[in-house]
Amino acid sequence: MAADRYFEPAPESINTDEFRKVVTSRRSVRKFTDTPIPAAVLEDCLDMAMLAPNSSNLQQWHFYLVQSPEKKQKLVTACLDQNAARTAAELIVIVASTGSWREHARMTLEQWPQPVIPPIVQQYYGRLAPFYYGIGPWGTLGLLKQGIARVSGLFKPVPRGPFNQAEMRLWAAKSVALAAENLMLALRAHGFDSCPMEGFDEVRVRRLLDLPKDAFVVMVLAAGERARDGVYYPRLRFDRARFVHRV
């Protein structure tokens, strides 16, 4: 390894049993107590959420903490009046952005954490990222890239997207879902629980939050302290052989 190459050692020891406890005790809780989540705990969980891996470190996520009583009630209604939404101490709308990548690429170069920006980083965020993620007016750049990929792909492996807005939404959602999982595990580690909800009226949620055009709701997360009857049924997971494939 070159003497000037950046190196960040992994921690020498992590308590695997405690981590397993966090993962296995995370459940989708449908009913919460009246206990609030301390502000410091919530901030810590959000900080851990934003440490999630994400595509090109472009950080496509936004977290909307809906805390005003009026807006919270409207969000509960938009979430179909689910128990988890009605009883949650906190409701967090987790949003993906397909348009923030350009600004975040610029910010990466402006806020690079070393005195000298490596040339490969300058090239990627300055020139390559705009090509990879740009779609162009009426999708023209995306169509051009798709054509190039089809031809080049006959001879060598090439990236196959994102080439259009639908693929950009999928691209953003994948990274944001990783952050949502970090957030849920962080809450569990602090002794709180959560319920990721897909059952909501996105039009009403968008209107409530006044989301920009390039943003969309990935999920609404209800969070709080688990009530005694907050988990409705035992966990069911199918046999791992159905999902784990060795090829």
Side-chain angles (χ1 to χ4, degrees), residues 10-11 13-35 37 41-42 44-55 59-66 75-76 78-96 160-161 166-167 169-202 205 216-247:
S13 63
I14 292 177
N15 192 317
T16 307
D17 289 337
E18 288 300 307
F19 176 69
R20 183 178 292 108
K21 188 190 299 183
V22 169
V23 173
T24 57
S25 65
R26 187 219 58 80
R27 299 298 307 276
S28 292
V29 171
R30 310 290 176 171
K31 187 177 178 182
F32 301 95
T33 71
D34 294 332
T35 302
I37 301 176
V41 168
L42 188 57
D44 186 49
C45 292
L46 290 165
D47 285 343
M48 285 192 270
M50 291 186 287
L51 292 177
N54 60 98
S55 180
Q59 304 173 49
Q60 305 93 313
W61 45 61
H62 294 275
F63 303 86
Y64 287 80
L65 280 63
V66 181
L75 182 55
V76 169
C79 290
L80 315 181
D81 207 35
Q82 295 180 59
N83 252 359
R86 285 194 294 105
T87 61
E90 298 287 346
L91 287 175
I92 305 168
V93 184
I94 302 176
V95 171
R160 306 284 182 154
E167 291 178 1
R169 283 172 65 94
L170 176 60
W171 167 79
K174 286 189 286 187
S175 289
V176 173
L178 294 173
E181 179 71 0
N182 264 27
L183 178 55
M184 289 184 276
L185 293 178
L187 285 162
R188 181 84 288 273
H190 275 288
F192 292 93
D193 282 286
S194 60
C195 181
M197 296 180 289
E198 289 185 296
F200 55 84
D201 183 331
E202 184 172 4
V205 177
F216 63 96
V217 181
V218 174
M219 68 183 74
V220 180
L221 190 70
E225 182 186 64
R226 182 185 309 192
R228 285 181 59 85
D229 55 348
V231 177
Y232 285 178
Y233 304 106
R235 173 179 276 139
L236 171 64
R237 287 294 184 271
F238 303 128
D239 188 274
R240 72 197 303 265
R242 184 175 182 85
F243 307 107
V244 179
H245 310 281
R246 291 176 171 84
V247 296

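Atoms considered below: every heavy atom in the structure, side chains included; atoms not considered: hydrogens, waters and symmetry mates.
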Which atom pairs, donor and acceptor, lie under 3.5 Å between side-chain atoms of residues 174-183 and protein residues at least two apart or in another chain?
from	atom 1	to	atom 2	distance (Å)
S175	OG	S55	N	2.9
N182	ND2	M48	O	2.9

Table please: side-chain donor-acceptor pairs of residues 240-247 below 3.5 Å, with sequence neighbours left out.
from	atom 1	to	atom 2	distance (Å)
H245	NE2	F243	O	3.4

Which side-chain N or O atoms in residues 80-88 pair as donor and acceptor under 3.5 Å with protein atoms at least two apart or in another chain?
from	atom 1	to	atom 2	distance (Å)
Q82	NE2	C79	O	3.1
Q82	NE2	G199	O	2.8
N83	OD1	R86	NH2	2.1
N83	ND2	Y232	OH	2.9
R86	NE	D81	O	3.4
T87	OG1	F32	N	3.0
T87	OG1	N83	O	2.9

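Within the model, atoms CZ of F192 and CG of L42 stand 9.5 Å from one another, a figure rounded to the nearest 0.5 Å. The CE atom of M50 sits 6.5 Å away from the CZ atom of F63 when rounded to the nearest 0.5 Å. In this structure, SG on C195 lies 11.0 Å from CZ on R27, to the nearest 0.5 angstrom. The CE atom of M184 sits 6.5 Å away from atom CD1 of I94, with the distance rounded to the nearest 0.5 Å.
With sequence neighbours excluded, no residue forms a salt bridge (Lys or Arg N to Asp or Glu O under 4.0 Å) with D47. H190 pairs by the side chain to side chain donor-acceptor pair (under 3.5 Å) definition with D44, not counting sequence neighbours. Under the salt bridge (Lys or Arg N to Asp or Glu O under 4.0 Å) criterion, D34 pairs with no residue, sequence neighbours left out. Partners of R30 under the salt bridge (Lys or Arg N to Asp or Glu O under 4.0 Å) rule, at least two apart in sequence or in another chain, do not exist in this structure. For R226, the salt bridge (Lys or Arg N to Asp or Glu O under 4.0 Å) partners are D193, not counting sequence neighbours. Contacts of R237 classified as side-chain contact (heavy atoms from CB on, under 4.5 Å), with partners at least two apart in sequence or in another chain: R26, R235. Annotation: side-chain contact (heavy atoms from CB on, under 4.5 Å) contacts of E202 (sequence neighbours excluded): F200, R206, F216, V217. With sequence neighbours excluded, the residues that form a side-chain contact (heavy atoms from CB on, under 4.5 Å) with Q59 are N54, N57, W61, H104.
A227 approaches T33 most closely through the heavy-atom pair CA-CG2, 3.7 Å. Residues A96 and A172 approach most closely at CB-CB, 4.0 Å, considering heavy atoms. Nearest heavy-atom pair, G161 versus E167, reported as atom, atom and distance to 0.1 Å: CA-OE1, 3.8 Å.
Inter-residue side-chain proximity for M197 and L91 is flagged as met; some heavy-atom pair is nearer than 4.5 Å. Here the side chains of I92 and V220 are not in contact, with every heavy-atom distance at 4.5 Å or above.
Applying the side-chain hydrogen bond (donor to acceptor under 3.5 Å, both in side chains) definition to pairs two or more places apart or across chains, those involving residues 14-23 are D17-R20, E18-K21.
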